[in-house]
Amino acid sequence: MVDPPRLDDVIGYLQAQGWTPQVPWRNGRVWSHGEFDVLVPDGEVADFTARMRALVRCVADSEQRSAEVVVRDIVSGGVDIVGYRAGEGEVSLEAGTAALAALRSLLVTCAYQVAGSEIRMSSMRQRAVAELLDDTTLLPRRDTFGFDVFLAGPGSRLGRGSAIRLLDIAATVRGAAQGERFGIAHEIRYDTVELFSALGSAERSPMRFELNFRWSRQIPRPDVAVEFSSSAVARLPRLFDDAVASSPLPSDRLESLPGPESPAVIEGVVVGLDNDGGPKAIVRGVLVVDETTTGRQRRVTVRLRTADEYAKALAAHSSLVRVRATGTFDGRRDLQVSENGFTVIEGDGS
């Protein structure tokens with residue numbers, strides 16, 4: 001547990017949460033809330049720290065929260081928590097570090113969106129977001145893989161607003177992944193969908209994950225969790241493709257885009273394989289069609305010609321080396337490889 005809170009902060013918190021003072025007892029006063037009683041010690045008692053820790057544990061039991069969360073809520077004037085849980089046990093180092101980086105990026109994106117609606121000057125927005133990140137702390141979970149991110153809550157409009165914005169985005173993306181909502185590309189940027197894919201390791205081994213939002217009791221909101229099943233996570237890469245395809249481009253770029261059956265090349269990593277209807281490799285990279293590109297990464301189904309090319313794709317998928325596929329693009333998702341058009345980029349990988 002972090003350092004125990006000050007006496008004035010504890011009394012203010014108890015009053016705000018509906019606790020009522022009762023009779024004096026043992027150099028302190030009993031406070032009650034329903035079936036729970038706590039002893040608020042006088043500031044001069046020798047065992048003040050021990051009593052305060054016991055008080056925090058009792059308040060935590062009454063609120064069904066951890067003592068660490070309660071004491072942070074008391075001393076900071078309010079803490080909102082964004083929690084992340086993933087998988088059923090251990091996860092790979094790659095998946096874990098990618099998830100943490102993705103959650104940070106999502107919070108930064110949300111913070112800038114909230115700051116943009118309230119702060120006009122760019123330099124002041126950057127400073128506000130930087131200060132929010134400096135004040136944000138991280139605590140790993142003990143029961144399963146995950147972590148809790150502690151944001152400045154009601155005392156910081158930017159902190160609370162960023163958490164609410166992330167909740168809204170998570171619910172929208174989850175709804176689209178489960179087929180409950182449509183038009184995702186018009187509501188959420190493709191790079192946001194990509195970050196949610198990283199939270200669930202969608203490109204390699206899709207795993208269920210959850211984002212839960214627990215609000216400060218100083219200004220309460222209903223706690224809520226947004227859960228992505230493994231099947232929903234597996235659909236996120238396709239949502240990413242749809243978002244990329246629907247993202248607006250400048251008019252001059254739209255006029256220059258090629259038609260179907262145009263010469264094309266994609267260079268990137270193999271993120272999937274398929275043998276249904278012929279050997280295919282799913283390559284993620286920047287697609288160049290007739291010397292024109294959007295500059296955005298996307299997933300393309302590369303239709304291979306031979307078993308040898310499929311074996312190369314399988315090896316590249318396992319070793320994470322980059323590949324290059326040259327052929328014709330159908331204007332939608334498929335690239336038909338030309339003869340000798342599928343190669344592994346030499347010198348890549350470890």
Side-chain angles (χ1 to χ4, degrees), residues 94-95 98-99 102 105 173 176-179 182-186 188-207 228 230-249 257-258 260-290 292-305 309-310 312-338 341-345 348-349:
E94 181 181 4
S105 295
V173 175
Q178 294 181 338
F182 302 95
I184 179 69
H186 302 294
I188 305 295
R189 287 174 53 91
Y190 63 90
D191 48 359
T192 299
V193 178
E194 184 177 31
L195 292 172
F196 278 91
S197 295
L199 291 177
S201 190
E203 295 287 7
R204 299 194 59 80
S205 180
M207 61 182 179
F228 287 71
S230 57
S231 59
V233 171
R235 287 191 288 270
L236 288 175
R238 180 55 62 91
L239 284 177
F240 173 84
D241 289 346
D242 293 342
V244 169
S246 301
S247 295
L249 293 173
L257 288 177
E261 304 304 324
S262 300
V265 59
I266 185 169
E267 186 175 301
V269 296
V270 179
V271 297
L273 295 157
D274 187 6
N275 237 331
D276 186 18
K280 296 183 287 290
I282 314 301
V283 177
R284 183 179 176 197
V286 176
L287 177 68
V288 178
V289 183
D290 202 13
T292 301
T293 177
T294 64
R296 299 166 178 165
Q297 288 206 355
R298 60 179 298 176
R299 287 160 51 104
V300 172
T301 300
V302 176
R303 294 186 174 274
L304 305 171
R305 297 169 61 92
E309 289 177 343
Y310 186 82
K312 288 181 181 179
L314 179 60
H317 182 246
S318 300
S319 58
L320 300 178
V321 299
R322 295 172 65 80
V323 299
R324 181 184 296 111
T326 304
T328 56
F329 185 61
D330 68 355
R332 293 174 58 83
R333 301 183 188 277
D334 289 6
L335 186 152
Q336 177 62 57
V337 168
S338 58
F342 186 81
T343 57
V344 175
I345 299 176
D348 198 12

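- For the side-chain contact (heavy atoms from CB on, under 4.5 Å) with Val265, the qualifying choice from Val286, Val288, Val289 is Val288, the only one to do so.
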- Assess whether side chain to side chain contact (heavy atoms under 4.5 Å, CB included) is satisfied between Val302 and Val337, documenting all intermediate values. CA-CA 7 Å; Val302 176; Val337 168; 3.1 Å; yes
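- Scanning all heavy atoms of the two residues, the minimum distance from Met207 to Ala95 falls at CE-CB, 4.3 Å.
- Interatomic distance, CG of Asp334 versus OG1 of Thr328, reported as 10.0 Å (0.5 Å rounding).
- For Val269 against Leu320, the heavy-atom pair with the smallest separation is CG1-O, 4.3 Å.
- In terms of heavy-atom proximity, Pro237 sits nearest to Ser197 at N-OG, 4.2 Å.
- Put simply, CD1 on Ile266 and CZ on Phe342 are 10.5 Å apart, with the number rounded to the nearest 0.5 Å.
- Under the 4.5 Å side-chain criterion, counting only non-hydrogen atoms from C-beta, Leu335 is in contact with Leu287.
- The backbone N or O of Thr343 lies less than 3.5 Å from no partner atom in the side chain of Arg324, so there is not a single donor-acceptor pair.
- Partners of Phe196 by ring pair (Phe, Tyr, Trp, His ring centres under 6.0 Å), not counting sequence neighbours, listed by chain and number: Phe228.
- Counting all heavy atoms, side chain and backbone alike, Ser338 lies closest to Arg305 at O-CD, 3.3 Å.
- Ala232 and Gln178 get closest at one heavy-atom pair: CB-CG, 4.0 Å.
- The distance from atom CG of Leu273 to atom NZ of Lys280, rounded to the nearest 0.5 Å, is 10.5 Å.
- With rounding to the nearest 0.5 Å, the separation of CD in Gln336 from CG in Leu304 is 8.5 Å.
- For the residue pair Val271 and Arg299, the shortest heavy atom distance occurs at CG2-NH1, 3.5 Å.
- Between the CG atom in Asp330 and the CZ atom in Arg303 there is a gap of 8.0 Å [rounded to 0.5 Å].
- A distance-only check finds no donor-acceptor pair linking the side chain of Ser230 to the backbone of Pro206 [under 3.5 Å].
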